[in-house]
Amino acid sequence: MKTHWLKLVLATVVATAAMLFTQTSFAQPASKGKIAVVVSTLNNPWFVVLGETAKARAIELGYEATIFDSQNDTAKEASHFENLIAGGYKAVLFNPTDANGSIANVMKAKAAGVPVFCIDREINSTNAATAQMLSDSYSGCVKLGQYFVKTVGKEGEYAELLGIVGDNNTWNRSKGFHSVVDRYPGLKMVAQQSGEFDRAKGLEVMESILQAHPNIKAVFCGNDAMALGAYQALVTAGKADAVKVFGFDGADDAVKLIAEGKMTATGMQFPKLMARQSAEYADEYIKGKRDFPQKIPVPVELVTKDNVGKYGDYGKK
Amino acid sequence: MRAVRWLIAFLVVAGVFWRFPLFHIVPLKQATAEKVAATFNAVQFADAFWTDQLPPSLDKAVKVEVLLPAIQADRAAARKKYARSIGLGESYFYFVSGSGRVLSASDDEVSLAVTEGGTNAEVVLEAGLIFGNTLRDGTGLLSASDYPNSQDFNDISAELNHIVETRVLPKLHEQAKVGAKISFAGCAEVADEASDLSPLKVVPIRAEVQ
């Protein structure tokens with residue numbers, strides 16, 4: 001009797017194990033290879049969304065995907081590229097740290113036969129990356145500049161927080177904004193400092209600007225992280241109602257502040273759209289496609305209190 | 001004997017360095033000149049584009065009397081047939097030419113009726129400050145992929161807009177009297193399918209009284 005029970009238990013265990021093995025085999029088909037997602041920094045929620053979306057789409061397409069954080073350091077980025085080339089990755093979805101400094105890394109990957117697809121930030125080369133999906137920062141900031149003049153007026157002092165000085169997006173945004181605002185001589189920029197695209201740095205820089213220039217009517221920030229830092233500084237200084245804050249990115253926190261009437265506007269980039277598309281391009285490349293446009297602009301949309309309901313979750317609802 | 005060996009070794013090393021120098025000495029003036037030459041000159045580029053490349057392409061612009069009825073009949077079909085899209089967004093451009101009668105003129109715009117006897121503004125020529133990339137991207141003659149640094153590409157926009165403001169608009173303001181017939185060519189940007197295209201807003205490349 002005892003032996004009979006023992007046989008029954010053993011048979012059940014074997015059958016269950018066989019079922020589990022079969023299910024696992026069906027649920028996880030063999031991977032198509034590895035895709036690397038190299039992101040400039042994960043210290044900003046916007047880039048976390050960019051990286052995570054690229055990774056998720058690569059996994060959906062049947063690849064193993066890993067995120068590498070360059071921490072805004074080209075040396076760390078170079079080391080990631082060495083590792084991923086040696087590690088047999090089939091493609092890189094790349095958010096560069098420096099338009100010039102990152103070219104060598106992309107060239108190294110290219111020499112090793114690994115295609116690189118730049119997302120959001122560009123490199124100053126048209127023969128290194130396979131394709132580059134870039135937010136049209138200039139155009140987006142032209143729209144922000146026009147809205148700035150409309151809401152702030154044609155006269156008054158304002159400040160600007162720049163992003164990372166070596167990044168093209170910093171200057172494309174600043175130039176787009178100034179291509180409009182500089183046409184109105186009554187609008188005077190009394191301070192222009194780098195907040196390095198960082199929230200804490202944005203707060204710190206804004207605090208010092210407010211001490212030197214207490215009468216500013218507005219601040220234009222090259223990204224939403226700095227805008228959120230600047231807003232925090234304004235709240236602490238009791239000036240949140242007196243100074244209009246303009247950002248760029250379309251970060252969820254910024255969109256919420258616009259809906260609450262605490263921030264004036266931002267430019268909605270579409271990180272999820274760019275990230276997903278980069279993974280799809282990598283998949284197409286691996287399957288044999290080669291003719292990709294080098295630079296693919298992604299328009300930026302102006303988000304204000306009038307249309308904020310249409311936006312959220314890093315894109316259009 | 002030892003001295004000869006040293007001499008030979010010295011000559012060999014000197015020869016190698018002469019053939020493959022570790023550094024070059026360049027006069028500062030020459031280095032600066034080379035740097036300036038390597039820098040993209042958006043002013044020169046935009047001027048050459050405006051003078052040489054743009055005029056022959058104006059014939060390729062879709063006629064306004066063809067485009068407007070096409071948009072009215074089927075907006076999506078008109079877009080497919082006549083518009084130019086770039087990148088991944090919803091916006092697109094029309095490169096359009098034609099003529100119309102001035103209904104009104106202000107510092108910022110000139111409204112035209114294109115249909116014979118029409119009283120509604122069907123086309124508005126932008127005539128104030130010109131911003132953005134409508135002109136650069138609307139003709140289809142320039143592509144971001146040709147420019148390693150997008151700052152150069154964006155500088156072209158600023159210069160083209162400046163050319164419109166200084167070479168096209170002063171004459172337009174002078175000639176755009178109510179009732180005058182204006183012949184024009186230019187680019188229109190459509191932000192998305194919800195945009196109101198009545199009237200169609202055009203950044204003029206050419207605008208003159210017929």
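Side-chain atoms are counted along with the backbone in the values below, which use heavy atoms only and exclude waters and symmetry mates. Order of the sequence lines sets the chain letters (A, B, ...), proteins ahead of strands, with each chain counted from 1.
Close approach to chain A, defined as a heavy atom under 4.5 Å from one of its heavy atoms, is seen in B/Glu165 of residues 164-180 of chain B, taken by number.
Heavy-atom distances place the side chain of A/Gln146, and not its backbone, under 4.5 Å from chain B. Only the side chain of A/Tyr184 comes within less than 4.5 Å of a heavy atom of chain B; its backbone N, CA, C and O stay farther away. If you measure heavy-atom distances from A/Leu134 to chain B, you find no contacts under 4.5 Å at all. Contact annotation for B/Asn161: neither backbone nor side-chain heavy atoms come within less than 4.5 Å of a heavy atom of chain A. At a 4.5 Å heavy-atom cutoff, A/Asn127 makes no contact with chain B through either its backbone or its side chain.
A donor-acceptor pair is defined here as one N or O able to donate and one able to accept, closer than 3.5 Å; such a pair exists between the side chain of A/Lys295 and the backbone of B/Tyr147. A donor-acceptor pair under 3.5 Å is formed between the side chain of A/Glu122 and the backbone N or O of B/Ser150. Using a distance-only test at 3.5 Å, with no hydrogens or angles considered, no donor-acceptor pair links the side chain of A/Thr126 to the main chain of B/Pro148.
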Where do B/Asp155 and A/Lys175 land on the side chain to side chain contact (heavy atoms under 4.5 Å, CB included) test, with the steps shown first? CA-CA 9 Å; B/Asp155 287 345; A/Lys175 282 182 177 179; 3.4 Å; yes
Does the side chain to side chain contact (heavy atoms under 4.5 Å, CB included) test come out yes or no for A/Val142 and B/Asn133, once each step is laid out? CA-CA 9 Å; A/Val142 167; B/Asn133 300 330; 5.9 Å; no
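Contact count versus chain A (heavy atoms, under 4.5 Å) is highest, among B/Ser145, B/Ser91, B/Ala144, for B/Ser145.
A search for side-chain hydrogen bond (donor to acceptor under 3.5 Å, both in side chains) contacts involving A/Glu52 returns nothing, not counting sequence neighbours.
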